[in-house]
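Inspection log for the structure reproduced underneath, given as structure tokens.
Everything quoted here is computed from the prediction, not taken from an experiment. In listed order, ligands and their atoms are each counted from 1.
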Amino acid sequence: MQATACAHSNIAFIKYWGNRDHALRLPANSSFSMNLGGLFTRTTVRFSAALSADRAVVDGRVLEGASLARITAHLDYARRLAGCTLRAEVVSHNNFPTGAGIASSASAFAALSLAAAAALNLNLSEAELSAYARLGSGSAARSVPGGFVIWHMGEDHRSSYAESIAPPTHWQLIDLIAIISTAHKAVGSTEGHRLAESSPLQAARLATSAARLEQCARAVLERDFERLARLVELDSDIMHAVMQTSTPPLLYWLPPTVAVMHRVRQLRAEGVGVCYTIDAGANVHCLCLPEAAERVRAELSAIEGVREIRMAQPGGGAWLES
Ligand code: DP6
């Protein structure tokens, strides 16, 4: 009763921020992302009668307290479906350094869901697996299918899942991630989602996000970078406006974050195919066309406060290892 699964991280072009149901992680809006090839989590789940409690080790660190409880709660769902009461050992590795400032909950919960479901022979469809991953971390729903992915907000557990609209080979976009801070964020996304509704701007964000998503999906399908760039930056800026105006306010940007935003805008004005998007942290994902990547990398490296640049290209869906 053991299985190993892997899943890529992903970067949202249209963001998830705020829930209609926090316990089920039913989001306040649908979102859109690209899986990040090369950045993934590999997780082995082993159910055994010899264990008296769940145990989880991530990158060699034994989890305790709330982090372990989040994993136990996630495994409970699969155990309930399978009618199994066995405890499990979870061993997980990220192939990017933990604390590198790259979100790992999406790849972690997608890999954990697939490994747990396979170890218990649950035979879930991709949509069911995506909905299951969502319960652990909302953005993990989007790391189950491959390539360019829409997470439909849905209205209940079953209907809130992600699906691919184009495979990774559809468009060779490059994500250059400018690492500015590797510090643990003061307010994590789970808490942040709860604060979203306290911003007077969240209603305006939600009223307009479905239209942005539709246009964004079309821009990806038509490989229209100019249109995509405007939408991606707008959606990121609107989410950060909500964050910055919630109670208490969340300001994730650091001075180098803003320096990168300015540089990316200048480059695009000069005709270089690049745009920025920022999650709940200080690092900046710079999406660019392959022909612009070398120039963008050089420009980002020259900005004071950019410690490192990591690169990713569109990645596939979660997979099982034999
Ligand atoms: C800003 O999926 O990390 O990255 O469900 O609490 O684990 P939890 O939140 P999470 O939220 C992601 C927020 C975001 C935007 C996005 O990826 O869509």
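- Under 4.0 Å is where a charged nitrogen must lie from a carboxylate oxygen, and between Asp235 and Arg212 at least one such pair does.
- Ligand 1 is approached by Arg70 to a heavy-atom distance shorter than 4.0 Å.
- Residues Arg218 and Glu214 are paired through a salt bridge, judged by an N-O separation under 4.0 Å between the basic side chain and the carboxylate.
- At least one N or O atom of His193 sits closer than 3.5 Å to an N or O atom of ligand 1.
- By the 3.5 Å distance cut-off applied to N or O atoms, Ala12 is not counted among the residues near ligand 1.
- In summary, the side chains of Arg265 and Tyr276 do present a donor paired with an acceptor at a separation below 3.5 Å, with no hydrogens or angles considered.
- Aromatic ring centroids of Phe13 and His285 lie 6.0 Å or more apart.
- Taking every non-hydrogen atom of Ala280 and a distance limit under 4.0 Å, the qualifying atoms of ligand 1 come out as 1 (C).
- Interface of Ser139 with ligand 1, defined as ligand atoms under 4.0 Å from a residue heavy atom, comprises 2 (O), 3 (O), 10 (P).
- Connection of Ile238 to Trp151 is not established within any shared hydrophobic cluster, with ILVMFWY side chains joined at heavy-atom distances below 4.5 Å, either directly or through further cluster members.
- With ligand atoms numbered from 1 in the order given, ligand 1 contributes 1 (C) to contacts under 4.0 Å with heavy atoms of Met239.
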request  = Evaluate the salt bridge (charged side-chain N to carboxylate O under 4.0 Å, His left out) criterion for residues Asp21 and Arg134: first the C-alpha distance (whole Å), next the side-chain angles of each, then the deciding distance (0.1 Å), finally the verdict.
outcome  = CA-CA 12 Å; Asp21 182 321; Arg134 188 202 77 240; over 6 Å; no
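- Contacts between Arg134 and ligand 1, counted as non-hydrogen atom pairs separated by less than 4.0 Å, are absent for every part of the residue.
- Near Ser137, with a cut-off below 4.0 Å to any heavy atom, the atoms of ligand 1 are 2 (O), 3 (O), 5 (O), 7 (O), 8 (P), 10 (P).
- Checked against the 6.0 Å centroid criterion, the rings of His8 and Trp319 qualify as a close aromatic pair.
- Below 3.5 Å of separation, one finds an N or O of Ser189 facing an N or O of ligand 1.
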